[in-house]
Amino acid sequence: MTTLDEIKALIAQKELFIFDLDGTLFNTLGDLAPAVNYAMTQFGLHTHSNDDVRTFIGNGSMNLIRRAVAANFISVTSTRNMEKVAETLACENYSEEKVKEIHKVYSDFYWEHCTENTEPYEGVVEVVQRIATSAGSRRTAMLTNKPVAPAQKILKKFGLENSFATYLCGDTTPERKPSPAGIYEILRQTGIAPERAIMIGDDTPDVLAAKNANIDCITLFNGFGKAENLLPLEPRYTAGHIKDFAEFI
């Protein structure tokens, strides 16, 4: 892990903090897993443990469902390879239309229950609200692949709906992470230079989006991303979670 002194020095240079949502600001697994498993049961597929659903998360909810369906036929670890997932779904006669049907059932269930077991990580609410109400030049933004409807519902429950300078979601961003397009749009909206911005996220799409946009990133290892997927990306700055350095933001 990066030393706290290094993280403190890095943060001191930044004006814009771009946060991921799932696994970074909020532990949403307690609502994501039941929604995935509800959809699986409705289509005669087997359910998954919370840890397996954690592996499926990343690159948007459609890919979450693609991985969950494919894991009925291949190993959970293999579902991180989206080419293998696509090949498996085709082989098992799960067309894109069928996957969309399963995704719709998942989405409807998740929308109804997305705040029941979701909680902010320690220090998150305080950090975001502190920056939002400060008189300085620092700002917060959020960039998530989660659709805007449940994202807004979660933010509203915890009083953060008006605490970001801007936020982009999976269905409102120009392109989803790992594309840099969402970061570029946030930089455009806030007028902050790339070297003064930093991404804070817990999974592969966050790290790659930051690299693709040429901005710094603090990679969190205690979120939803797994070390075996994150370490090959050679993240420059790493931490356990936001609570470890919240006092510096």
Minimum-distance pair of heavy atoms, taken over all atoms of Ala151 and Cys169 = CB-SG, 3.8 Å

So do Leu25 and Pro120 actually touch side chain to side chain, heavy atoms under 4.5 Å?
-> no

Would you name the heavy atoms of Pro174 and Gly182 that are closest together and state the gap between them?
-> CD-CA, 4.2 Å

Do Phe17 and Val127 have side-chain heavy atoms sitting under 4.5 Å apart?
-> no

Path from Ile218 to Met142 over hydrophobic side-chain contacts below 4.5 Å | yes

From Tyr167 atom OH to Ile186 atom CD1, the distance as rounded to the nearest 0.5 Å | 12.0 Å

Is a side-chain donor-acceptor pair under 3.5 Å present for Ser75 with Ser78?
-> yes

Any donor-acceptor pair under 3.5 Å linking the side chain of Ser107 with the backbone of Lys104?
-> no

Same apolar cluster: Val36 and Leu29, side chain cutoff 4.5 Å | yes

So side-chain hydrogen bond (donor to acceptor under 3.5 Å, both in side chains) across residues 209-218, not counting sequence neighbours, yields Lys14-Asp216

Using the side chain to side chain contact (heavy atoms under 4.5 Å, CB included) rule, take Ile102 and Val69 through it: C-alpha gap first, then chi angles, then the decisive distance, then the call.
-> CA-CA 9 Å; Ile102 300 172; Val69 173; 3.9 Å; yes

Hydrophobic cluster membership, Ile200 vs Tyr237, 4.5 Å side-chain cutoff = yes

Roughly how far, to the nearest 0.5 Å, is OG1 of Thr24 from CG of Asn222?
-> 11.0 Å

Check residues 55-64 and write down every donor-acceptor pair under 3.5 Å in which the side-chain atom is one partner and the other belongs to a residue at least two apart or another chain.
| residue | atom | partner | partner atom | Å |
| --- | --- | --- | --- | --- |
| Thr55 | OG1 | Asp51 | O | 3.3 |
| Thr55 | OG1 | Lys226 | NZ | 2.8 |
| Asn59 | OD1 | Arg67 | NH2 | 3.3 |
| Ser61 | OG | His103 | NE2 | 2.8 |
| Asn63 | OD1 | Arg66 | NH1 | 2.7 |
| Asn63 | ND2 | Asn59 | O | 3.0 |

Which pairs pass salt bridge (charged side-chain N to carboxylate O under 4.0 Å, His left out) with one or both residues in residues 125-152, sequence neighbours excluded?
-> Asp22-Lys146

Could you please spell out the steps behind the side chain to side chain contact (heavy atoms under 4.5 Å, CB included) verdict for Arg54 and Asn50?
-> CA-CA 6 Å; Arg54 175 187 169 197; Asn50 280 17; over 6 Å; no

Pair Lys153-Lys156, side chain to side chain contact (heavy atoms under 4.5 Å, CB included): steps then yes or no | CA-CA 5 Å; Lys153 192 173 182 179; Lys156 184 175 182 180; 5.9 Å; no

What pairs meet the salt bridge (charged side-chain N to carboxylate O under 4.0 Å, His left out) rule with one or both residues in residues 159-183, with sequence neighbours excluded?
-> Asp20-Lys177, Lys177-Asp206

Considering only heavy atoms from C-beta outward, does the side chain of Phe158 approach that of Val124 to under 4.5 Å?
-> no

For Ala141 and Phe164, the nearest pair of non-hydrogen atoms, with its separation, is C-CD2, 3.7 Å

Which residues share a side-chain hydrogen bond (donor to acceptor under 3.5 Å, both in side chains) with Glu6, sequence neighbours left out | Thr3

Under the side chain to side chain contact (heavy atoms under 4.5 Å, CB included) criterion, do Leu160 and Phe26 qualify, and how do the steps go?
-> CA-CA 12 Å; Leu160 295 179; Phe26 296 93; 4.0 Å; yes

Check whether any side-chain N or O of Asp5 sits under 3.5 Å from a backbone N or O of Ile7 as a donor-acceptor pair, and report yes or no.
-> no

For the student: nearest non-hydrogen atoms of Met199 and Ala210, plus distance | CB-CB, 3.8 Å

Donor-acceptor contacts under 3.5 Å from residues 239-249 side chains, at least two apart:
| residue | atom | partner | partner atom | Å |
| --- | --- | --- | --- | --- |
| His241 | NE2 | Gly23 | O | 2.9 |
| Asp244 | OD2 | Gly240 | N | 3.2 |
| Asp244 | OD2 | His241 | N | 2.9 |

Step through the shown structure and confirm whether more than 12 heavy atoms of other residues, nucleotides or ligands are within 6.0 Å of CD on Glu234.
-> no

Correct closest heavy-atom pair for Glu116 and Glu112 would be OE2-O, 4.1 Å

Keeping the roles fixed (side chain from Thr133, backbone from Gln129), state whether a donor-acceptor pair exists under 3.5 Å.
-> yes

Could you tell me the separation between the CG atom of Asp202 and the CG atom of Leu220, rounded to the nearest 0.5 Å?
-> 6.0 Å

Are Phe43 and Ile65 co-members of a hydrophobic cluster defined by side-chain heavy atoms under 4.5 Å apart?
-> yes

Hydrophobic cluster identity match, Val53 and Val99, side-chain contacts under 4.5 Å = yes

Can you list every pair that meets side-chain hydrogen bond (donor to acceptor under 3.5 Å, both in side chains) and has a residue in residues 185-197, with sequence neighbours left out?
-> Glu15-Arg196, Thr166-Gln189, Glu185-Arg188, Glu185-Gln189

Atom pair CD1/CG of Ile192 and Leu187 - distance to nearest 0.5 Å | 8.0 Å

Salt bridge (charged side-chain N to carboxylate O under 4.0 Å, His left out): pairs with one or both residues in residues 23-36, sequence neighbours excluded = none

Given side chains that start at C-beta, do those of Ile198 and Ile215 come closer than 4.5 Å, heavy atoms only?
-> no

Can you list every pair that meets side-chain hydrogen bond (donor to acceptor under 3.5 Å, both in side chains) and has a residue in residues 79-94, with sequence neighbours left out?
-> none

Working to the nearest 0.5 Å, report the span between CD1 of Ile18 and SG of Cys217.
-> 10.0 Å

Transitive ILVMFWY cluster of Leu231, excluding itself - 4.5 Å side-chain cut-off = Met1, Val207, Leu208, Phe221, Leu230, Leu233

What's the spacing between Ile154 CD1 and Thr28 OG1 if we round to 0.5 Å?
-> 6.0 Å

In short, Thr118 meets Cys114 closest at the heavy-atom pair OG1-O, 3.2 Å

Can you name the ring pair (Phe, Tyr, Trp, His ring centres under 6.0 Å) partners of Tyr38, sequence neighbours left out?
-> Phe109

Applying ring pair (Phe, Tyr, Trp, His ring centres under 6.0 Å) to Phe19 and not counting sequence neighbours gives none

Is there a donor-acceptor contact under 3.5 Å linking the side chains of Tyr106 and Gln42?
-> no

